[in-house]
Amino acid sequence: MQKRYIWSLLIIIGVVLLVNSRSPLTGQAVNLQLITGTSNVALQDSPQGHESIFFSAQNVGFQEFDKSSWLPFEGRALDEDEPYGYIFMLKDNSVIHYRSSFDEDSIKPSILLNYKNDLVNKHNLVKQEIRNVLLRDPKIISEYYTTFNGLALEVSYDEAQRIADNVDDIVSFSPNNKVYGQLMDSVSLVQADYYHNLGITGQGITIAMVDSGIDYTHPDFGSCTQAQFLSGTCAKVPGGYDFWDDDLDPMDEYGHGTHTSSIAAGNGVLKGVAPGATILAYRVLGPENFGYWTDVQDAFVYAIDPNGDLDFSDAPDVIAPIIGGVCGSLNDDWNVAADAMTQVGSVVVFPAGNLGPGYQSMSDPGCVESVITVGGTDKNDNPYFYSSRGPFIEQNRFLVKPDLTAPGVAICAAQFDDFSGNGACFNNDHILLTGTSMATPHVAGAAALILQQNPSYTHQQVKSSLISGAVDVGLDIYRQGGGRLNVVKASNLPVLADPNPISFDLFDVSTTATLSKNIAFENVKSTPYGVKIKNVEIKNVDTGDIFTLPGLPQLCLSPGQTASQTLSFAVNTLDFGTYSGKVNYDVFQGCGTDPGYCGDGTCSAVLGE
């Protein structure tokens, strides 16, 4: 009999429930219900696989809700230095958000260029208004049209406030603060070497690293000369730009970018996760490991549209900005731009940050829902102490972060010059470094391996694969997300779930008795598969109580088919407390067409055989 496989996957779900009650609801029984929506698909039997969807919830009374304890980083800056001016967001959509209003087949670069020209004209009018308000001509640091609509000016806070109060087109402004770099057995830990042995190394995939630059003369990047790099003949690092010095040579002067780039795609005596991938180096951090938001924004625009023609087909396959600051508003220019990058075909990966161990300490823009956010663990799957934790809460938004973790403690990779780090390793060309900066390029390299095998995958499909294929290491979801990266499992999933993760927003259960979300299951293989949600396990983190709810009917998915089911929870009787858990579901190969296999539930749980 043909061997059948079982896949164990996960989707993360998070929610905070605000109970408008003067007395706690403690002592009441949990009465959650799982309700199916209508699905226009056949129902089958004979399970052939197993998956899991993790989720979280919190139920808090209004009188006991201590905002200061939930939002410990609200309004906190990374340093006490004055910002280098302010960034202003304008009310019209950016080019990418305007693009999203068209069908993919109907949008043309010429339409986008005309729209951008309209924005340029409006910018000119806004700049004249600003000159009239300030009675001077402030220095323009940069202007933005593609990822968000705005401009950065070298002005004081008082002047920024005057501009916002008197120029109608300006909707918000934020300081142009400093950003910082987020400080080889890990490759085998995430099972990337399994694919290396099969010749799958990320060949043909391009990873854009936004960091302190790269030492392209290092052996792990082909020992290229400056002349080779500037002529575009450095095979490993064929291009990039230095936004710190504003020139064509992004040579690293600190060491952070050299180390992170080699984790993602180095190819020397030590192999990165995707040693066959090429690297584009965008330098936004100076010799002291800091830069400014405006340089990062410029790098975003250049990365996704290097020739400026608004045809995003030349965007890199993966973008990994290894930088961050404290999360602000999801509507900030920084977060709007990060979200925009996920809409043009690139897989976008950010570090969670090193602001832990407290909860709700995510770094910007890792708190953006659409990007892939990476926390750090050590090589024994213990959490890195300073790895930032979720959730991210803003007004009525409640987002589960990070999405997954990867090794980030004492990672041995390429050294720039005499950069010391945590000590030498392997030889004099490599050093140990620790941080979510080291975890994130593991995931960027993993995305390259997935894309080599699945070149049509979108950002969301890669994200779902990474989260669902991660190894649950037993931490709560605000530390591990879906779990620790496993490249082999992520690359082989036959069914992907969307959205993943699932984030319920804040609810007042006095007016909201039920929370509902649709989960779309997509068969990405060329043979039929079935999906059946078996049950839902819910744990009260405060008391340790565990509740199990019944599952839903099975979906039968033909090749390429997507079908949805609705998870609906009755929440009006929940006790106060924090809840986490998982939705367990089976994946059936053949969708029940061969009822003899796996009928006893003893399918192999081994992949790659």
Side-chain angles (χ1 to χ4, degrees), residues 71-90 138-144 147-164 170-183 210-213 242-246 254 256-257 282-301 321-341 350-356 358 360-368 371 373 386 388 392 394 401 435-437 440:
L71 304 177
F73 293 94
E74 184 177 31
R76 172 179 160 185
L78 274 178
D79 58 70
E80 296 179 355
D81 295 342
E82 286 295 318
Y84 176 41
Y86 287 82
I87 303 171
F88 298 84
M89 285 192 66
L90 306 183
K139 177 182 177 181
I140 298 173
I141 301 171
S142 195
E143 295 189 61
Y144 306 97
T147 53
F148 80 101
N149 179 25
L151 69 164
L153 303 174
E154 189 175 322
V155 295
S156 68
Y157 174 81
D158 289 342
E159 289 177 318
Q161 189 65 62
R162 283 167 54 197
I163 292 169
I170 290 175
V171 296
S172 66
F173 69 93
S174 58
N176 181 25
N177 281 330
K178 289 180 179 180
V179 294
Y180 292 82
Q182 303 276 19
L183 282 185
V210 183
D211 204 317
S212 65
D242 185 341
F243 293 93
W244 178 264
D245 288 328
D246 196 20
Y254 179 74
H256 192 268
Y282 296 112
R283 183 181 180 225
V284 298
L285 302 177
E288 296 181 6
N289 198 35
F290 76 84
Y292 289 97
W293 287 129
T294 45
D295 289 334
V296 178
Q297 293 281 20
D298 289 337
F300 286 175
V301 174
I322 315 296
I323 39 80
V326 175
C327 281
S329 167
L330 292 175
N331 295 318
D332 283 351
D333 57 274
W334 174 235
N335 293 321
V336 171
D339 176 71
M341 288 195 297
F350 280 95
N354 305 317
L355 299 175
Q360 208 180 343
S361 55
M362 299 299 302
S363 286
D364 240 344
C367 49
V368 174
V371 306
T373 307
Y386 292 108
S388 292
F392 178 71
E394 181 187 23
K401 289 289 179 176
T436 57
S437 288
T440 303

Under 3.5 Å donor-acceptor, [X] side chain and [Y] backbone:
X      : Y      : value
Asn354 : Thr436 : yes
Asp242 : Trp244 : yes
Glu154 : Pro138 : no
Lys401 : Val368 : yes
Tyr144 : Thr294 : yes
Ser156 : Glu159 : yes
Ser388 : Gly353 : yes
Asp364 : Gly324 : no
Glu143 : Asn149 : no
Thr147 : Ala337 : no

*Do the rings of Tyr292 and Phe290 sit parallel, tilted or perpendicular, given the 30° and 60° boundaries?*
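Because their plane-to-plane angle is over 60°, the rings of Tyr292 and Phe290 count as perpendicular.
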*asked:* Is the ring pair Tyr282/Phe243 parallel, tilted or perpendicular, if the boundaries are 30 and 60 degrees?
replied: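 If you compare the ring of Tyr282 with that of Phe243, the planes turn out tilted.
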Would you say [X] and [Y] make side-chain contact, with heavy atoms under 4.5 Å?
X      : Y      : answer
Ile170 : Met89  : no
Val371 : Asp339 : no
Val171 : Phe88  : no
Ile323 : Leu285 : yes
Leu153 : Lys139 : no
Asp333 : Ser174 : yes
Asp211 : Tyr254 : no
Tyr84  : Lys178 : no

Rounded to the nearest 0.5 Å, what separates atom [atom1] in [X] from atom [atom2] in [Y]?
X      : Y      : atom1 : atom2 : result
Asn176 : Ile87  : CG    : CD1   : 4.5 Å
Trp293 : Asp332 : CH2   : CG    : 9.0 Å
Phe350 : Cys367 : CZ    : SG    : 10.0 Å

_I'd like to know if the side chain of Asn289 pairs up with that of His256 as donor and acceptor (distance under 3.5 Å, no hydrogens or angles considered)._
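Distance-only check fails for Asn289 and His256.
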*Does a side chain donor of either Gln297 or Ser142 reach within less than 3.5 Å of an acceptor in the other side chain?*
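Side-chain D/A pair, Gln297 to Ser142: absent.
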What are the two closest heavy atoms between [X] and [Y], and how far apart are they?
X      : Y      : value
Val336 : Asn331 : CG2-O, 3.7 Å
Val210 : Ala299 : CG1-CB, 4.1 Å
Ile141 : Gly85  : CD1-CA, 4.4 Å
Ser212 : Gly257 : OG-N, 2.7 Å
Pro365 : Asn335 : CB-OD1, 3.2 Å

*Around Glu288, counting heavy atoms of other residues, nucleotides and ligands shown, do more than 12 lie under 6.0 Å from its CD?*
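Not buried by this count: 12 neighbours or fewer within 6.0 Å.
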*Please check if atom OH in Tyr386 has more than 12 non-hydrogen atoms from other residues, nucleotides or ligands closer than 6.0 Å.*
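No, OH of Tyr386 has 12 or fewer neighbouring heavy atoms, counting only those of other groups under 6.0 Å.
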*Given the rule in the salt bridge (charged side-chain N to carboxylate O under 4.0 Å, His left out) test, do Asp245 and Arg283 qualify, once you have shown the distances and angles that lead to the verdict?*
CA-CA 9 Å; Asp245 288 328; Arg283 183 181 180 225; 2.8 Å; yes
*Check against side-chain contact (heavy atoms from CB on, under 4.5 Å), Phe300 and Phe148*: CA-CA 10 Å; Phe300 286 175; Phe148 80 101; over 6 Å; no
